[in-house]
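Worksheet: the structure to be examined is printed underneath.
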Amino acid sequence: MSKKPQTAASGSAPREAASIDRVPDEIYDTVVHAILDRALDPGTKLPEDVFCNHYGVSRTIVRVAIQRLQQDRLVDVQPYKGCFVVVPDLKEARDIIAARKAIEPFIINCLVDVATDKDLAALAAHVDAEDSAYHRNDQREALRLSGQFHILLSDLSGNGVLGVYIRNLICRSALVIATYSDVTACCKAHDHRRLVELLMARDASDAVKQMERHLDDIEHDLLQDKKTEEKPSLETVLVKYSKSANPTTPRKPVVVHG
């Protein structure tokens, strides 16, 4: 009796072993890029079977990528509910900005010494692209380029260790922006342009201060006066929505005749 050929996922052709090994990285990179581009908003459900069918792999392979995304605080796996893009709370949002404040001024200080003229020209061209996106009102592209500018700064500094952290923080910042604000409240191209000008002048002190001001502005625009919303108690809800003008007066129970 011949055996029925097995496939990794119904409706999908099986992959070669070497190709399968690369799938978790591909899934991870795809989700990260989609978050940066605002294609995946906070709270979006990421069903495992969709990944399985798209990549032609088993749930075991998909879960390797999901575990990595979860470790990097990009997705939240909820028992019996599934996998969702993280919705950062206010404390997490503030912690992300605080981490960027600790790292990015140091990166700028490094760049003053190591950036070549070619590097600075690349930064200037990137800011031009940001400016163009803002002027044609392409907010999604503006946000993507804004985040990429900070990643580019990190890449050009030559510190690969910090680069890993910055990529994660910028991606999580995109989730913070999507949760608490919009593109117009975040990075401005003119701030980035001023930073590039100071780097070109090799002015370390003012360049670091510019980055610090820039991050302060981001924090102010995103999180100023944001307070955790307190959910009303049941008693408060009953007082507000009850038809009785005097909620303290006992009401006759409703009798249901069946």
Side-chain angles (χ1 to χ4, degrees), residues 1-100 102-103 140-141 143-148 150-152 154-155 159-181 222 228:
M1 183 176 178
S2 60
K3 292 184 178 180
K4 185 178 179 180
Q6 296 180 343
T7 58
S10 61
S12 301
R15 283 177 171 246
E16 297 293 336
S19 176
I20 289 176
D21 289 342
R22 294 192 294 270
V23 171
D25 287 340
E26 187 176 347
I27 293 173
Y28 179 93
D29 290 341
T30 298
V31 172
V32 167
H33 291 156
I35 290 173
L36 286 170
D37 283 358
R38 290 287 291 274
L40 288 176
D41 285 331
T44 301
K45 188 171 185 179
L46 307 177
E48 288 182 358
D49 61 316
V50 175
F51 289 111
C52 292
N53 291 332
H54 182 81
Y55 291 99
V57 295
S58 68
R59 289 178 183 269
T60 301
I61 298 297
V62 171
R63 285 170 184 167
V64 172
I66 289 176
Q67 184 178 30
R68 184 180 167 196
L69 289 163
Q70 186 179 23
Q71 289 172 343
D72 285 352
R73 288 294 302 145
L74 298 175
V75 303
D76 180 28
V77 178
Q78 302 176 16
Y80 309 111
K81 292 184 179 181
C83 176
F84 300 82
V85 177
V86 160
V87 181
D89 60 26
L90 277 172
K91 183 182 185 306
E92 184 174 5
R94 291 190 172 100
D95 287 348
I96 289 167
I97 300 298
R100 291 182 60 182
I103 296 174
R140 191 178 296 273
E141 178 68 359
L143 176 62
R144 186 188 72 81
L145 289 170
S146 174
Q148 287 294 332
H150 289 263
I151 292 173
L152 181 57
S154 177
D155 289 345
N159 191 316
V161 175
L162 290 182
V164 172
Y165 288 105
I166 285 297
R167 286 177 182 274
N168 176 261
L169 289 170
I170 296 303
C171 191
R172 294 170 70 184
S173 293
L175 295 176
V176 172
I177 293 167
T179 302
Y180 294 103
S181 190
L222 281 174
T228 304

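Predicted, not measured: the structure shown is a model, and the values here were computed from it.
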With a 4.5 Å heavy-atom cut-off, do [X] and [Y] have their side chains touching?
X      : Y      : result
Arg68  : Asp25  : yes
Asp155 : Ile151 : yes
Asp49  : Arg59  : yes
Phe51  : Val23  : no
Ile61  : Pro24  : yes

Measure the spacing between [atom1] of [X] and [atom2] of [Y] and express it to the nearest 0.5 Å.
X      : Y      : atom1 : atom2 : value
Leu169 : Asp72  : CG    : CG    : 10.0 Å
Ile96  : Ser173 : CD1   : OG    : 5.5 Å
Ile27  : Cys52  : CD1   : SG    : 8.0 Å
Arg94  : Leu222 : CZ    : CG    : 10.5 Å
Leu36  : Leu175 : CG    : CG    : 8.5 Å
Leu143 : Gln148 : CG    : CD    : 10.0 Å

Evaluation steps, side-chain contact (heavy atoms from CB on, under 4.5 Å), between Leu40 and Leu46:
CA-CA 9 Å; Leu40 288 176; Leu46 307 177; 4.1 Å; yes
For residues [X] and [Y], report the shortest heavy-atom separation together with the two atoms involved.
X      : Y      : value
Tyr28  : Leu69  : CD1-CD2, 3.4 Å
Ala178 : Arg38  : CB-NE, 3.5 Å
Pro88  : Thr179 : CD-OG1, 3.5 Å
Val86  : Pro42  : O-CB, 3.4 Å
Thr44  : Asp41  : OG1-O, 2.7 Å

Would you please name every residue forming a side-chain hydrogen bond (donor to acceptor under 3.5 Å, both in side chains) with Lys91, sequence neighbours left out?
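Counting only residues at least two positions away or on another chain, Lys91 forms a side-chain hydrogen bond (donor to acceptor under 3.5 Å, both in side chains) with Asp95.
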Look at the side chain of [X] and the backbone N and O of [Y], then say whether any donor-acceptor pair between them is shorter than 3.5 Å.
X      : Y      : value
Tyr55  : Val62  : no
His33  : Asp29  : yes
Arg172 : Leu74  : no
Ser181 : Ile177 : no

Do other residues, nucleotides or ligands put more than 12 heavy atoms under 6.0 Å from Phe84 CZ?
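Result for CZ/Phe84: enclosed.
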In sequence, state the C-alpha distance, the side-chain angles, and the governing distance for Ile35 and Val31, and then conclude on side-chain contact (heavy atoms from CB on, under 4.5 Å).
CA-CA 6 Å; Ile35 290 173; Val31 172; 3.9 Å; yes
